[in-house]
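Here the structure is a predicted model, which means the values were calculated and not measured. Hydrogens, waters and symmetry mates play no part in the numbers below; they use all other heavy atoms, side chains included.
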Amino acid sequence: MNGYTPYRYFPLARLALARVPKAGCTSLTRWANEVERSLAAPRQPATPRNGLHLSCIAAAPPGTLRVTTLRHPVDRVVSVYASKILASPVGEWIFRYLRAPWYPRLESLTEIRSGFRRFVETLAADAGFLRGENIHWRPQSLTVPDIAAFDLVLPTSRLDELPAIVAALRPDLAPSAAVQLNRENAAGTPLADFLLEPDLVRTIERVYADDLALLDRHGIDRVFRRPIGRLPDAAFDVDAELDRLRADRHTEYHRILDRFLYG
């Protein structure tokens, strides 16, 4: 997962994106794909899905609108743990992290909360794990080091406003305001709402201090909206949700294993 290059260019729309993992990158990219497709003439060669690769944002041609998104690091860390580790959308993660002390066995809510605590503690204690292990929790300040060169830096909380903002900045893209931006890759499980505790919030904010400084630099509110210290009420069936997650993990594990063994 190292060597990730976040920059993409859409030549018909003259849009360049930095795709920051777990900061609305899937929603942003799918929207840009739709805008690019809407501008294509019949029989015109199609722009590759997700745009053309750029080595850095400075490689975008003059007149390009450069757009990226940021997310509060506390929201982002909770989201990656819930959607990539508790849930199992990518089977390779199971094989890669199964023996990690923070990898949950999905035995109980208590076990999951303990696993999340160990995950945060590992981020705090191991700079290599934080900065180089996985793009989904690598600091946003490292993923987009040239963010000062962007024309539009939007928090994920305002993703729904992006089409209208782009249309206002670029009148030639006014029709893009009609291209709906759909939020993708939600948390993956409602158990995400039961992970945070006050000391973990403080630890995450300390570990990702540079990301918080980015929010400040771009006028983005530091307030996040994840519940802290919440526990499920009587109507929430924790065991049923754990059963679902275990079944999904089992299915994904064997799908990847079958692909490895049988092609």
Side chains of residues 40-48: which donor-acceptor partners sit under 3.5 Å, not counting sequence neighbours?
residue, atom, partner, partner atom, Å
Gln44, OE1, Ala41, N, 2.7
Thr47, OG1, Glu36, OE2, 2.6

| query | With Arg202, which residues qualify under side chain to side chain donor-acceptor pair (under 3.5 Å), at least two apart? | reply |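 For Arg202 there are no side chain to side chain donor-acceptor pair (under 3.5 Å) partners, ignoring immediate neighbours.
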| message | Once side chain to side chain donor-acceptor pair (under 3.5 Å) is applied, do any residues pair with Asp237, and if so which ones, sequence neighbours excluded? | response |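 Partners of Asp237 by the side chain to side chain donor-acceptor pair (under 3.5 Å) criterion come out as none, since no residue qualifies.
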Would you say the side-chain atoms of [X] pair up with the backbone N or O of [Y], donor to acceptor, closer than 3.5 Å?
{"X": "Ser79", "Y": "Asp75", "result": "no"}
{"X": "Arg71", "Y": "Lys22", "result": "yes"}
{"X": "Arg170", "Y": "Leu15", "result": "no"}
{"X": "Glu111", "Y": "Arg105", "result": "yes"}
{"X": "Arg246", "Y": "Leu106", "result": "yes"}
{"X": "Arg76", "Y": "Pro21", "result": "yes"}
{"X": "Thr69", "Y": "Ala23", "result": "yes"}

| request: Might you work through the side chain to side chain contact (heavy atoms under 4.5 Å, CB included) test for Leu173 and Leu39, ending with a clear yes or no? | output: CA-CA 9 Å; Leu173 288 180; Leu39 297 171; 3.9 Å; yes
| task | For side chain to side chain contact (heavy atoms under 4.5 Å, CB included), just list the numbers for Arg14 and Tyr9, CA-CA rounded to whole Å, side-chain angles, deciding distance to a tenth of an Å, and then say yes or no. | result | CA-CA 7 Å; Arg14 290 185 295 125; Tyr9 176 60; 3.9 Å; yes
Between [X] and [Y], is any pair of side-chain heavy atoms under 4.5 Å apart?
{"X": "Arg117", "Y": "Glu197", "value": "yes"}
{"X": "Arg131", "Y": "Leu142", "value": "yes"}
{"X": "Leu86", "Y": "Pro104", "value": "yes"}
{"X": "Asp146", "Y": "Tyr7", "value": "yes"}
{"X": "Val120", "Y": "Trp102", "value": "no"}
{"X": "Gln140", "Y": "Thr68", "value": "no"}
{"X": "Tyr97", "Y": "Asn134", "value": "yes"}
{"X": "Leu70", "Y": "Val153", "value": "yes"}

Measuring from [X]:[atom1] to [Y]:[atom2], what's the distance to the nearest 0.5 Å?
{"X": "Arg66", "Y": "Leu54", "atom1": "CZ", "atom2": "CG", "result": "11.5 Å"}
{"X": "Arg49", "Y": "Arg8", "atom1": "CZ", "atom2": "CZ", "result": "10.5 Å"}
{"X": "Glu92", "Y": "Ile94", "atom1": "CD", "atom2": "CD1", "result": "9.0 Å"}
{"X": "Thr156", "Y": "Ile220", "atom1": "OG1", "atom2": "CD1", "result": "8.5 Å"}

| request: Go through the structure and list residues passing ring pair (Phe, Tyr, Trp, His ring centres under 6.0 Å) with His53, not counting sequence neighbours. | output: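 With sequence neighbours excluded, His53 shows a ring pair (Phe, Tyr, Trp, His ring centres under 6.0 Å) to no residue whatsoever.
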Test of understanding: clusters of I, L, V, M, F, W, Y form through side-chain heavy atoms closer than 4.5 Å, transitively. Do [X] and [Y] belong to the same one?
{"X": "Leu214", "Y": "Leu154", "answer": "no"}
{"X": "Val80", "Y": "Leu123", "answer": "yes"}
{"X": "Val20", "Y": "Tyr208", "answer": "no"}
{"X": "Leu65", "Y": "Leu52", "answer": "no"}

| message | Suppose we call two aromatic rings close when their centres sit under 6.0 Å apart. Are Phe129 and Trp137 close by that rule? | response |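 So the answer is yes for these two rings.
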| request: I would like to know whether Phe119 and Tyr103 meet ring-ring contact (aromatic ring centres under 6.0 Å, His included); could you show each step before the answer? | output: CA-CA 8 Å; Phe119 179 70; Tyr103 193 81; over 10 Å; no
| field | Tyr81 and Leu195: CA distance, side-chain angles, deciding distance, side chain to side chain contact (heavy atoms under 4.5 Å, CB included) verdict | value | CA-CA 9 Å; Tyr81 198 81; Leu195 296 176; 4.0 Å; yes
| At their closest point, which heavy atom of Leu159 faces which heavy atom of Pro163, and how far apart are they? |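 Minimum heavy-atom separation between Leu159 and Pro163: O-CD, 3.9 Å.
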| query | Would you call Arg118 and Glu121 a salt bridge, using N to O less than 4.0 angstrom? | reply |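 Glu121 and Arg118: not salt-bridged.
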| message | Quick one, Trp93 with Glu252, criterion side chain to side chain contact (heavy atoms under 4.5 Å, CB included). Give me CA distance, side-chain angles, the key distance, then yes/no. | response | CA-CA 10 Å; Trp93 287 52; Glu252 184 62 16; over 6 Å; no
| Pairs satisfying salt bridge (charged side-chain N to carboxylate O under 4.0 Å, His left out), at least one member in residues 209-221, at least two apart |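 Those involving residues 209-221 are Asp216-Arg222.
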| Pairs touching residues 221-247 that satisfy ring-ring contact (aromatic ring centres under 6.0 Å, His included), sequence neighbours left out |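 Found His72-Phe224, Phe194-Phe236.
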